[in-house]
Each structure stands twice: as C-alpha cells, then as structure tokens.
Amino acid sequence: MSKVPTITLNNGVEMPRLGFGVWQVPDDEATAAVATALEAGYRSIDTAALYANEEGTGRALAASGLPRGELFVTTKLWNSDQGYDPALRAFDRSLDKLGLDYVDLYLIHWPQPRRDAYTETWRALERIAADGRARAVGVSNFQPGHLRRLVDGSELVPAVNQIEVHPQLAQAELRALHAELGIATEAWSPLGQGKGLLDNPVIAKVAARHGRTPAQVVLRWHLQLGNVVIPKSVTPSRIRENIDVFGFELTTDDLADLAALDDGTRLGPDPDHFG
Ligand code: NAD
C-alpha cells in the first residue's frame, strides 16, 4: 500500500497529495521512470497529451500489476484540441494511448483566454465526468478571472487547478480563491524545475536544520501549505528521495524563512498570454 496521504476532492474522490510528473520524459524512458516511481510507492502519475509519453506511461501502469483502483492517473487536453467535439475526440485518443478505460483526473492544460474556447471545452469535460470516464475533471493554469467565469457559468466546479507554485511563486491569491471555491491546488514545477531554487542558501539552511535535502524541504513546504505536488525526476535515487517527505515537519520559523523567498518569479509562460 502507498504511504502517501490523500486529499478529498470536491466530488469526494481521494487524490494522493504527492505524485510523479513526467513532463520532458521521452516516451521510451517514461516506462522505466514510472516503473521506478510505482516501486518507490508513488500511485499518482501526471502526464499530458502534449508530453507525448502517454503510451510509455500506460505501459508501466499495465506492467506494474497494481490494481487499477490503487492508481491515480492524470492527463491533460492540449490547446489545439479545445472546443466541445475536439475535446471529446482528444480524450478518446489519450485513453487509448494510456491503455485505460478511465482516467482519475482530466485537465484543460491552458485557458488560452484570447481564443475564448475554455467554457465550451469545459462542457466536454463535464460530459466526460458525467459518463464516468474521468473520476474528476479540472483545469490547469487558470487565473482568478478564468476560474470565476467558469464557475459562474457552469454546473460543475473544477476539482483541481494545476498551477506553477514553488517558494519563489507562492500564488497566495490563487490559493485563497481555490479555498473559497473548493478547488484543490496542485503545484507544477514544485521544485522550481531544479534550476537554482534548490541551491538557495535559505533552503539549504532549513535543510541542514532537519538533516534533509533541499528538495525534501521544498516538497514539505508545499504539503504544509496544502498543495498537491508532482515532482519530476528520472534519477531513481531522487525519485525515492522526493517521496520520503512524510517523516518530518517544518516549523513556523522554517515556513517564515521560506515565505521570504516569494518574489513572483515565473519559470513557465504567463497564462493570460500563452497559446
Ligand atoms: P520540477 O519542479 O518537478 O523539477 C524537476 C527537476 O528538478 C528535475 O528534472 C531535476 O533536474 C530536479 N530534481 C528533481 N528531484 C530532485 C532532487 N531530489 N534533488 C535535486 N534535483 C532534483 O519540474 P517539472 O518537471 O517542470 O514539474 C513537475 C511536473 O509538473 C511535470 O513533470 C509535469 O507533470 C507538471 N507540469 C505541468 C505543467 C502545466 O502546465 N500544467 C507545466 C510544467 C510541469
């Protein structure tokens, strides 16, 4: 059994609070990376049509021999497939590539506000959820205005908004809105893509206090803020290190030190303008 605690999404579905992200992992390497993650105790895997590794991911899920009910599989609808019919067709392709008959979570990858198709696309995700082909549906990279518009005009509130969050981009405003609307915050690039953040002296100091690594401290910060996290690595020792974060706790002082790192640094595109 997995040792990762879960959160209860707004439709009652349980989602592991820590999962494994596979962005930038080539399809032929995804099978080994996901297999290592499953052996290490991860049960939640985050892929996307864009990542072009749904097949490799699906092969590892099938080969693991784990019961489907123990796994939590997320994939995402790519920008070019927004719109009602295109979204339904894209979802079928993703299921087929994963070799599954349902996913646990299906997300609209980016809002693309200038295209203005996300509310219509959401109708397709509502239909997919109603048909039981996704146990939960949600969005990714939605800004406060996009979320409010979606929620005001829809039956179904997204279960999750997967957004860029790390100590340099703590996203206080969005997290507060998620709490108000009952949407879970899932943090992408939770380790800051391993670029510099993990060398930060403040994080090193907190890590030394606990005899832990910088990556473990950053993952703990997310968990204590209430975020779901999906760190990525293809290195087996790091894959294991990143799930070994449930045996210690950051103090209020540690959290205050880390809060001072929030300077609004974005590593990915600005969702208001991307796509
Ligand atoms: P991440 O923050 O998880 O960082 C991954 C990198 O950090 C690795 O490539 C490695 O260089 C380094 N790293 C990992 N573990 C380490 C350790 N223990 N010690 C030292 N260095 C370590 O970055 P990410 O891959 O961008 O984000 C995680 C996942 O989030 C992705 O794989 C993907 O599933 C998802 N994501 C989603 C979106 C979106 O638009 N929805 C965008 C980006 C990423």
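One-based numbering, in listed order, for ligands and for the atoms of each. Hydrogens, waters and symmetry mates play no part in the numbers below; they use all other heavy atoms, side chains included. Given the structure is predicted, the values throughout are model-derived calculations rather than measurements.
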**Complete:** atom 24 (P) of ligand 1: closest protein heavy atom, distance to 0.1 Å, is Ser189 OG, 3.6 Å

**Message:** Just to confirm my output: which protein heavy-atom neighbour is closest to atom 43 (C) of ligand 1, and how far is it?
**Reply:** Trp188 CE3, 3.1 Å

**Request:** Tell me which protein heavy atom sits closest to atom 19 (N) of ligand 1, plus the residue, atom name and distance to 0.1 Å.
**Result:** Arg238 NE, 3.5 Å

**Request:** Would you confirm whether Gln168, through its side chain, and Leu261, through its main-chain N or O, come within 3.5 Å as a donor-acceptor pair?
**Result:** no

**Message:** Side chain, backbone, both or neither: which applies to Val234 and ligand 1 if a contact is any heavy-atom pair less than 4.0 Å apart?
**Reply:** neither

**Request:** Provide the number and element of each atom of ligand 1 under 4.0 Å from a heavy atom of Gln162.
**Result:** 35 (C), 36 (N), 37 (C), 38 (C), 39 (C), 41 (N)

**Complete:** Heavy atoms of Ala87 and Thr121 approach each other most closely as CB-CG2, 4.1 Å

**Fill in**
In this structure, atom 2 (O) of ligand 1 is nearest to the protein heavy atom Leu191 N, 2.7 Å

**Top protein contact for atom 40 (O) of ligand 1, by heavy-atom distance** = Asn141 ND2, 2.9 Å

**Message:** Please list, in number order, the atoms of ligand 1 under 4.0 Å from a heavy atom of Ala215.
**Reply:** 17 (C), 18 (N), 19 (N)

**For His109, atoms of ligand 1 separated by under 4.0 Å from a heavy atom** = 39 (C), 40 (O), 41 (N)

**Request:** Looking only at protein heavy atoms, identify the closest one to atom 29 (C) of ligand 1 and say how far it is in Å.
**Result:** Ile230 O, 3.2 Å

**Fill in**
atom 32 (O) of ligand 1: closest protein heavy atom, distance to 0.1 Å, is Trp23 N, 3.0 Å

**Item:** Shortest protein heavy-atom distance from atom 15 (N) of ligand 1, along with the residue and atom involved
**Value:** Asn242 ND2, 3.0 Å

**Item:** Selected option - heavy-atom contact closest to atom 25 (O) of ligand 1, from Lys232, Glu186, Arg240
**Value:** Lys232

**Asked** Would you call Trp110 a ligand 1 contact, heavy-atom distance under 4.0 Å?
**Response** yes

**Prompt:** Looking at Gly194, which atoms of ligand 1 are within less than 4.0 Å of one of its heavy atoms?
**Reply:** 4 (O), 6 (C), 7 (O), 12 (C)

**Cation-pi check, Arg127 onto Tyr84 ring (under 6.0 Å, within 45° of axis)** = no

**Request:** Supply the atom-to-atom distance His146 NE2 to Thr119 OG1, rounded to the nearest 0.5 angstrom.
**Result:** 11.5 Å

**Message:** We want to know whether Asp46 and Gln162 form a side-chain donor-acceptor pair, criterion being a heavy-atom distance below 3.5 angstrom.
**Reply:** yes

**Message:** Can you confirm, on distance only, whether ligand 1 has an N/O atom lying under 3.5 Å from any N/O atom belonging to Glu241?
**Reply:** yes

**Asked** Just which atoms of ligand 1 are under 4.0 Å from any heavy atom in Gln193?
**Response** 1 (P), 2 (O), 4 (O), 6 (C), 7 (O), 23 (O), 26 (O)

**Prompt:** Taking atom types as modelled and ignoring hydrogens, do the side chains of Thr47 and Asn53 form a donor-acceptor contact shorter than 3.5 angstrom?
**Reply:** yes

**Asked** Which of the numbered atoms in ligand 1 are below 4.0 angstrom from a heavy atom of Asp46?
**Response** 33 (C), 34 (O), 35 (C)

**Message:** As a quick check of understanding, evaluate salt bridge (charged side-chain N to carboxylate O under 4.0 Å, His left out) for Arg123 and Asp85, giving each step before the final call.
**Reply:** CA-CA 10 Å; Arg123 301 287 158 261; Asp85 289 327; over 6 Å; no

**Message:** Using the rule given for side chain to side chain contact (heavy atoms under 4.5 Å, CB included), can you reason through Thr213 versus Leu198, listing the C-alpha separation, both sets of side-chain angles and the distance that settles it, and then say yes or no?
**Reply:** CA-CA 9 Å; Thr213 67; Leu198 299 178; over 6 Å; no

**Fill in**
Taken to the nearest 0.5 Å, the spacing of Lys205 NZ from His210 NE2 works out to 11.0 Å

**Complete:** Under 4.0 Å from one or more heavy atoms of Pro231, ligand 1 contributes atoms 3 (O)

**Prompt:** Any N or O of Leu198 that comes nearer than 3.5 Å to an N or O of ligand 1?
**Reply:** no

**Request:** Could you please spell out the steps behind the side chain to side chain donor-acceptor pair (under 3.5 Å) verdict for His109 and Ser140?
**Result:** CA-CA 5 Å; His109 208 144; Ser140 178; 5.2 Å; no

**Message:** Do Glu54 and Asp27 make a side-chain contact, defined as non-hydrogen atoms from C-beta onward lying under 4.5 Å apart?
**Reply:** no

**Asked** Quick one: is the NZ or CZ of Arg17 closer than 6.0 Å to the six-membered ring centre of Phe246, and within 45° of its axis?
**Response** no

**Prompt:** Can you tell me how far the CD1 atom of Ile243 sits from the CD1 atom of Ile239, to the nearest 0.5 Å?
**Reply:** 10.5 Å

**Message:** I'd like to know whether ligand 1 has Gly268 as a neighbour, heavy-atom separation below 4.0 Å.
**Reply:** no

**Prompt:** Looking only at non-hydrogen atoms, which of Ser140, Pro214, Ala48 approaches atom 41 (N) of ligand 1 most closely?
**Reply:** Ser140

